[in-house]
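Everything on this sheet refers to the single structure shown next.
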Number of protein chains: 2
Amino acid sequence: MRINCMCTANIQPATSQRKLLLSVIREAKGHLDAKELYRRASKRNASISLATVYRNLRFFKEQALIDERHFGHTRSCCYEMKRSEEHYHLVCRDCGHVIEFESPLIHKLVAEIRRKNNFDVTRVELCLEGYCHDCKKEEKPLSKVT
Amino acid sequence: MRINCMCTANIQPATSQRKLLLSVIREAKGHLDAKELYRRASKRNASISLATVYRNLRFFKEQALIDERHFGHTRSCCYEMKRSEEHYHLVCRDCGHVIEFESPLIHKLVAEIRRKNNFDVTRVELCLEGYCHDCKKEEKPLSKVT
DNA sequence: TTTGGAATGCGAATCAATTGCATGTGCACA
DNA sequence: TGTGCACATGCAATTGATTCGCATTCCAAA
């Protein structure tokens, strides 16, 4: 019987690029987009290609190893390792800071939808924009001379 | 005193293109993306340009005349007239049907966030994906021969 | 009616993401 | 411990959505 290391369990074949990409995503902790993942991976393997990054992001998504998200108005998607606990994000319009949160209200909402609309929810895309603790206290000065 | 018609209240200058675009959006009822808006507007004014569509979508957004949304995994945004009642969307992964819904739970959630995270929410991006009433009952046959 | 500033149309540019194709490589089986 | 081959990769070109530059046109205030 063959024992797979956790790290490569679902990646067949486990190419060096895949292992590299996964470890960059894992180490990032935060949320990176494809370009940033490419930049960081390139530092360790200069020849890796952006297409490989995109292809593997799709592959990891299919394997349910990572989650893909849309933050605010940005055009590109962000990625992070899948976690057992569901969580969602607050994005500050000023400093861009991303805060994670969770709330039982979301489960409630999904249950309500299932019941009222007879709709099977498989994915919740939820992102709140606004001003974080630090940015909101600036009382938005009318004209900010830089 | 000049009385502005509702239709052109916030659009200075009220060019023919702007009036056309707004009326197409208003008549669409549903949700259209820039390309579709362009297609429909072109039928009434063949010379309108796609750049004008995008420029005015941005303008209408700034004037808070329309709302911009992201549905599911589609790459482009959808637009609809701003309404007084907040509402959100369910998108069926199968047939693409968009169902609107509202729930007091969302207000609750925003209030909770404000309190717990000291975060001023200015925008809620919420979209649920899944299978609608009609599509979910198909019990997903294992292999569908077309 | 004139006129200045803003809006438009067009095509080119940009940005994110995908694809085609020739080459390279992990790994199942011998 | 090879060896074949399906699949992964790198590269460059492509697509699709959106934006930009610039010359021209048009609105609206005087």
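Just so it is clear: chains get the letters A, B, ... in the order the sequence lines come, proteins before strands, and each one is counted from 1.
Pairs engaging residues 110-120 of chain B under the side chain to side chain donor-acceptor pair (under 3.5 Å) rule: Ser103(A)-Glu112(B), His133(A)-Asn118(B), Lys136(A)-Asn118(B), Arg114(B)-Asp120(B) [sequence neighbours left out].
Remark on DNA chain D: of its neighbouring residues Arg75(B) and Pro13(B), the 5'-side contact belongs to Arg75(B), judged by nearest-heavy-atom nucleotide. Remark on DNA chain D: of its neighbouring residues Lys35(B) and Thr15(B), the 5'-side contact belongs to Lys35(B), judged by nearest-heavy-atom nucleotide.
Using a 4.0 Å heavy-atom cutoff across all strands shown, Ser16(A) reaches no nucleic acid atom at all. Residue Ile48(B) is in sugar-phosphate contact alone, with no base atom involved, counting any heavy-atom pair closer than 4.0 Å across all strands shown.
The side chain of Ser49(B) has dG9(C) as its nearest neighbour among dG9(C), dC11(D), dG26(C). Side-chain atoms of Ser47(B) lie closest to dG9(C) of the nucleotides dT9(D), dA17(C), dG9(C).
Residue Arg18(A) contributes atom CZ, which lies 11 Å from atom P of dC7(D) at whole-angstrom precision. Per the geometry, NE2 belonging to His70(B) stands 12 Å off P belonging to dA17(D), to the nearest Å. Straight-line distance from the CG atom of Asp33(A) to the P atom of dA17(C): 7 Å, rounded to whole Å. We find that CD of Glu68(A) is positioned 8 Å from P of dA17(C), with the value rounded to whole Å. For the pair Gln12(B) CD and dA29(D) C1', the computed distance is 12 Å after rounding to whole Å. Spacing between atom CG of Leu50(B) and atom P of dG16(D) amounts to 13 Å, rounded to whole angstrom units.
Residue Gln17(B) has a polar side-chain atom (N or O) positioned under 4.0 Å from OP1 or OP2 of dG9(C).
Defining each end axis of the helix from dT1(C)-dA30(D) to dA30(C)-dT1(D) as the rotation carrying four pairs' C1' atoms onto the next four, with five pairs an end, the two axes are found to diverge by 30° to 10 degrees.
In the region residues 52-67 of chain B, proximity to DNA chain D at under 4.0 angstrom, judged on heavy atoms, holds for Tyr54(B), Arg55(B), Arg58(B).
Qualifying side chain to side chain donor-acceptor pair (under 3.5 Å) partners for His31(B), counting only residues two or more places apart in sequence or in other chains: His89(B), Glu100(B). Legend: residues meeting side-chain contact (heavy atoms from CB on, under 4.5 Å) with Glu86(B), ordered by chain and number and at least two apart, are Tyr88(B), His107(B). Qualifying side-chain contact (heavy atoms from CB on, under 4.5 Å) partners for Arg40(B), counting only residues two or more places apart in sequence or in other chains: Val24(B), Ala28(B), Leu32(B), Glu36(B).
Within 6.0 Å of NZ in Lys82(B) there are more than 12 heavy atoms belonging to other residues, nucleotides or ligands.
Of the listed residues (Lys29(B), Lys61(B), Arg69(B)), just one forms a salt bridge (Lys or Arg N to Asp or Glu O under 4.0 Å) with Glu80(B), and that residue is Arg69(B).
For the residue pair Leu57(B) and Ala34(B), the shortest heavy atom distance occurs at CD1-CB, 3.9 Å. Nearest approach of Tyr131(B) to Cys92(B), heavy atoms of both residues: CA-SG, 4.0 Å.
Side chain of Arg18(B) to backbone of Pro13(B): a donor-acceptor contact under 3.5 angstrom is found.
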